[in-house]
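Below you'll find the structure, written out as structure tokens, and then a few comments.
Residue numbers begin at 1 in each chain, while the letters A, B, ... track the order of the sequences.
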2 protein chains.
Amino acid sequence: MDQNEKTTEDKIFEAASRIFEEKGFTGSRMQEIADRAGINKALLHYYFRTKEKLFDAVFSKLAGIMFKKLFSCLDNDLPLEQKLAMFYKEHIGFLQKHPGLPAFVFHEINRNPERIARIFSNEQVVIMRKKFYKQLDEEIEAGVIRPVDKMQLVVNIVALSVFPFAARGLVSMILGEGKMKFNDFVEDRKTLLPLFIVNALRNP
Amino acid sequence: MDQNEKTTEDKIFEAASRIFEEKGFTGSRMQEIADRAGINKALLHYYFRTKEKLFDAVFSKLAGIMFKKLFSCLDNDLPLEQKLAMFYKEHIGFLQKHPGLPAFVFHEINRNPERIARIFSNEQVVIMRKKFYKQLDEEIEAGVIRPVDKMQLVVNIVALSVFPFAARGLVSMILGEGKMKFNDFVEDRKTLLPLFIVNALRNP
DNA sequence: GTCTATAGAAGGATAGAC
DNA sequence: GTCTATCCTTCTATAGAC
């Protein structure tokens, strides 16, 4: 396929992804999606019968990307310290490319909690958790880190990378004008956060 | 005023707060607000001419409550360790009573960044920051904690209390069914997080 | 597959009686 | 202040020509 010859379906899907991610389901208009895709409304309905179905397709894709990235960043055989360094580098890098994703996903999950269950097969979580918990247990056993509640730790780790993006309107404002300051701020976190966590876990 | 004799304006305001917080501006319907308030649509417009104005009133109030609480929790003369213990106890306690507030505020700020500037006078932030930064500098000077980027630390502290609420649909799902598990989970954080932060800041 | 035109429903807002 | 009735715009969705 030629690079510049996207199918109409792809153009629609990309347009819808941007609009939905930016404005949410209820804030988005089919007309605006059609305009951005460079076609008319009727064609939207020809490809994806309803707004709901179009949204479903987009949300599944975007939420899928987000979770897949999260898990893949934690799924390797590095020792904890390197794993954290790798995680924050990769994960914050990903979020820099999709800064609106967390707030979008969180908002839409609140609007319709059932939706997520379809996408987010618990198996992925269970497997990832099992593996990562095992690693933590071993490092606790070996005395590398102090004993901790593992679920709480996972939430802490993720919170520290995701939160600034979920709240980026606020964080940006406090940091001062311009996208650049926000980007520098999260860039720094790629190296600061692994240290922060490792320190928090160090045995006394 | 009698306890059971709320004014109509109050009934509208309370109904609107619940609906807007749950569904956001674009997802909320004036009809639904009227129904919950036990009146009809026309009366909504009599009190708050437009949906936009009604939303403005609600958002200012709710966002104001959220920030005021955040700042007041950090504004005391306790030494760092006690301050953190107090902060998480108070702040998580507050969020337990308003679990939908963070996602709501973050979403609406993205939808309309100018709105927040009107509410969120930078003065509050500047004053709070100055005072808290001074305390951190003193504790660094005294060797109680290691040198850190203070802005990054503030974001970390807030991220750890707020994130589980912003993402509570997800966190709840991972924890398993039922509100109770989520509530237990965040309840534990009131005592775990101060330790986590203090450890992360300890001098080697 | 793609368009124009339009049906049909929903939602915000107002007029006017009481 | 509060209600009923209704206007008018906006939006999703479809019909039908090409």
Protein-nucleotide distance (A:Arg49, atom CZ; D:dT14, atom C1'), rounded to Å: 9 Å
Expected output: side-chain B:Arg36 to main-chain B:Lys11 donor-acceptor under 3.5 Å: no
Value in whole Å for how far the P atom of D:dC7 lies from CE of B:Met30: 20 Å
Whole-Å gap separating P (C:dA10) and NZ (B:Lys51): 16 Å
Pairwise distance CD1(A:Ile33) to CZ(A:Phe13) - rounded to 0.5 angstrom: 11.0 Å
CZ on B:Phe55 to CD1 on B:Ile19, rounded to 0.5 Å: 13.0 Å
Sugar-phosphate only, base, or nothing, as touched by A:Ser28 at under 4.0 Å among non-hydrogen atoms: sugar-phosphate
Whole angstrom value for the distance that separates P of D:dC3 from CG of B:Leu43: 6 Å
Below 4.0 Å: OP1/OP2 of D:dT2 and any side-chain N or O of B:Tyr46: no
Interatomic distance, A:Leu44 CG vs D:dA13 P [rounded to whole Å]: 10 Å
Spacing of CG belonging to B:Leu84 relative to OG belonging to B:Ser161, to within rounding of 0.5 Å: 10.5 Å
Among D:dT4, D:dA13, C:dA13, the one nearest B:Ala42 by side-chain distance: D:dT4
Separation of D:dT9 C1' from A:Gln31 CD (nearest whole Å): 14 Å
B:Thr8 side-chain N/O to D:dT2 phosphate OP1/OP2 under 4.0 Å: yes
Between D:dG1 (P) and B:Glu9 (CD): distance, integer Å: 9 Å
B:Asn40 side chain near D:dT2 phosphate (N/O to OP1/OP2, under 4.0 Å): no
Any A:Arg29 side-chain nitrogen or oxygen under 4.0 Å from OP1 or OP2 of D:dT10: no
Among C:dA15, D:dT12, C:dT2, the nucleotide that comes nearest once only the side chain of A:Tyr47 is considered: C:dT2
Whole-Å distance separating the CZ atom of A:Phe48 from the C1' atom of D:dA13: 16 Å
Phosphate OP1/OP2 of D:dA13 contacted by A:His45 side-chain N/O (<4.0 Å): yes
Nucleotide nearest A:Lys41 (side chain, heavy atoms from C-beta), chosen from D:dT12, C:dC3, C:dA13: D:dT12
Aromatic plane relationship, B:Phe25 with B:Phe20 - under 30° parallel, 30 to 60° tilted, over 60° perpendicular: parallel
